[in-house]
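Hydrogens, waters and symmetry mates are skipped; everything else that's a heavy atom, side chains included, is used. Numbers here are sequence positions counted from 1.
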Amino acid sequence: MKILIVLAHPELKSMNGAMFQKAIAALTTAGHEVKVSDLYRDQFNPVSDRGNFTTTYDEAFFKQQLEEMHAVESAGFAIDIEQEQQKVEWCDLMIWQFPLWWFTVPGILKGWVDRVFAMGRFYGNSRCYETGMLRGKKALLSLTTGGAGESYLKDGLHGDLEGILKPVHRGMLEFVGFSVLSPQVVYAPVRQPEEQRETVLNDWEERLSRIFGEEPMVVGRY
Ligand SMILES: Cc1cc2nc3c(=O)[nH]c(=O)nc-3n(C[C@H](O)[C@H](O)[C@H](O)COP(=O)(O)OP(=O)(O)OC[C@H]3O[C@@H](n4cnc5c(N)ncnc54)[C@H](O)[C@@H]3O)c2cc1C
């Protein structure tokens, strides 16, 4: 199968970097084809503006979604966006590896979505959710937190992680058609002893060995 792994962490020697490298090795060894978008090392520009396009629909007033619809018709996406869109369209499974920042994905990954998930290309013309253009593909969030696991339960300090991740699961991934697998969460790796982090990495490898047998979650509207 074809897997795209998107990494959004500034330090490759971090736990996120280790999870990323473990996933590449495990999936490649299992015979899958892997492509990556390592956003910091690629120096991906997360700022969404006219630089997204080589074409112009309205030079007097910039409205991103109209420019996107025009770019779809005129092959007018900037090369960095076009390359990322093609990788997303290529894959059967997309994995995002990131640290939870302010209860969501790091800005560089949010900017990647802002620029790459274009109207007319991934959604639009009444196509979203079940009819989103990326229907048939799966997506998986693999993340780390600073807070401990118990703080992300329903009655915990931060509230349940499922609710925190819903804007990403529902508003970004399901919106364009992805089916979402349950997230891989490493709680507070910085507070874990070395051996526990090694176990976490081995568990991740083990899960990936049977990932294509997993059923998606039902995120739904509420
Ligand atoms: C802007 C910002 C916002 C944040 N917002 C939130 C928030 O909303 N909620 C929240 O809970 N937290 C938040 N945090 C904390 C953040 O989520 C955690 O710091 C992060 O998830 C930890 O992951 P890491 O990869 O950076 O860990 P690191 O600190 O890089 O790694 C943890 C440990 O793993 C070790 N390690 C690396 N590779 C391996 C390996 N191969 N084997 C074994 N050990 C290894 C590292 O050496 C390190 O000791 C925020 C942090 C920032 C900077």
Phe62 and Phe53 aromatic ring geometry - parallel, tilted or perpendicular at 30°/60° bounds: tilted
Can you get from [X] to [Y] by hopping between Ile, Leu, Val, Met, Phe, Trp and Tyr side chains that sit under 4.5 Å apart?
X: Trp90; Y: Leu27; answer: no
X: Ile211; Y: Phe98; answer: no
X: Val200; Y: Leu141; answer: no
X: Met1; Y: Leu140; answer: yes
X: Phe44; Y: Trp101; answer: yes

How would you list all residue pairs meeting salt bridge (Lys or Arg N to Asp or Glu O under 4.0 Å) that involve [range], not counting sequence neighbours?
range: residues 1-12; value: Glu11-Lys13
range: residues 45-54; value: Arg50-Glu67
range: residues 123-149; value: none
range: residues 90-102; value: none

Of all heavy-atom pairs between [X] and [Y], which one has the smallest distance, and what is that distance?
X: Ala78; Y: Gly51; value: CB-O, 3.3 Å
X: Met119; Y: Gly124; value: CG-CA, 4.2 Å
X: Gln64; Y: Ser48; value: OE1-OG, 2.8 Å
X: Leu4; Y: Ser37; value: CD1-OG, 3.9 Å

Pairs of donor and acceptor atoms involving the side chains of residues 104-116, under 3.5 Å and at least two apart or interchain, shall be tabulated with distances.
residue: Lys110; atom: NZ; partner: Asp114; partner atom: OD1; Å: 2.9
residue: Lys110; atom: NZ; partner: Asp114; partner atom: OD2; Å: 3.4
residue: Trp112; atom: NE1; partner: Glu84; partner atom: OE1; Å: 2.9
residue: Arg115; atom: NE; partner: Val47; partner atom: O; Å: 3.4
residue: Arg115; atom: NE; partner: Asn52; partner atom: OD1; Å: 2.8
residue: Arg115; atom: NH1; partner: Asn45; partner atom: O; Å: 2.7
residue: Arg115; atom: NH1; partner: Asp80; partner atom: OD2; Å: 2.9
residue: Arg115; atom: NH2; partner: Asn52; partner atom: OD1; Å: 3.4
residue: Arg115; atom: NH2; partner: Asp80; partner atom: OD2; Å: 3.4

Flag, side chain of [X] to backbone of [Y], donor-acceptor distance under 3.5 Å:
X: Ser14; Y: Pro10; answer: no
X: Trp204; Y: Met19; answer: yes
X: Ser151; Y: Ala148; answer: yes
X: Thr145; Y: Gly147; answer: yes
X: Arg197; Y: Met15; answer: no
X: Thr55; Y: Ser74; answer: no

For Tyr187, the side chain to side chain donor-acceptor pair (under 3.5 Å) test, sequence neighbours excluded, returns none
Residues two or more places apart in sequence or in another chain: which of them pass side chain to side chain donor-acceptor pair (under 3.5 Å) with Arg191? none
Before you tell me yes or no, could you show the steps for Met94 and Leu173 under side-chain contact (heavy atoms from CB on, under 4.5 Å), namely the whole-Å CA-CA distance, both residues' side-chain angles and the distance that decides it to 0.1 Å? CA-CA 10 Å; Met94 178 171 73; Leu173 296 169; 3.7 Å; yes
Side-chain touch [X]/[Y], heavy atoms, less than 4.5 angstrom:
X: Arg41; Y: Leu12; value: yes
X: Leu39; Y: His9; value: no
X: Leu208; Y: Ile3; value: no
X: Glu174; Y: Cys128; value: no
X: Phe103; Y: Val168; value: no
X: Arg207; Y: Gln184; value: yes
X: Gln85; Y: Phe77; value: yes
X: Val6; Y: Ile95; value: no

Might you confirm whether atom CG of Asp58 has over 12 heavy atoms from other residues, nucleotides or ligands at distances under 6.0 Å? yes
Does a sphere of radius 6.0 Å around CD in Glu162 hold more than 12 heavy atoms from other residues, nucleotides or ligands, not counting ones at 6.0 Å or beyond? no
Roughly how far apart are [X] [atom1] and [Y] [atom2], rounded to 0.5 Å?
X: Gln21; Y: Asp38; atom1: CD; atom2: CG; value: 9.0 Å
X: His169; Y: Ser182; atom1: NE2; atom2: OG; value: 8.0 Å
X: Leu161; Y: Leu165; atom1: CG; atom2: CG; value: 4.0 Å
X: Glu68; Y: Glu73; atom1: CD; atom2: CD; value: 12.5 Å
X: Leu181; Y: Leu93; atom1: CG; atom2: CG; value: 6.5 Å

Can you pull out every ring pair (Phe, Tyr, Trp, His ring centres under 6.0 Å) where at least one residue sits in residues 11-43? Sequence neighbours excluded, please. His32-Phe212
Counterpart residues, side-chain contact (heavy atoms from CB on, under 4.5 Å), relative to Glu205 (two or more places apart): Lys22, Ala26, Asn202
Just jot down the side-chain contact (heavy atoms from CB on, under 4.5 Å) partners of Thr29, sequence neighbours excluded, or say none. none
Quick one: salt bridge (Lys or Arg N to Asp or Glu O under 4.0 Å) partners of Glu206, sequence neighbours excluded? Arg210
With sequence neighbours left out, write down each residue that passes salt bridge (Lys or Arg N to Asp or Glu O under 4.0 Å) with Arg121, or none if nothing qualifies. Glu82, Glu89
Measure from the ring center of Tyr123 to the ring center of Phe175 and say whether it is less than 6.0 Å. yes
May I have the step-by-step check of side-chain contact (heavy atoms from CB on, under 4.5 Å) for Leu7 and Val36, ending in yes or no? CA-CA 8 Å; Leu7 173 65; Val36 302; over 6 Å; no
Set out, in order, the CA-CA distance, both residues' side-chain angles and the distance that settles side-chain contact (heavy atoms from CB on, under 4.5 Å) for Leu143 and Val186, then state yes or no. CA-CA 6 Å; Leu143 61 141; Val186 182; over 6 Å; no
Working for side-chain contact (heavy atoms from CB on, under 4.5 Å), residues Val176 and Met133: CA-CA 6 Å; Val176 295; Met133 291 159 190; over 6 Å; no
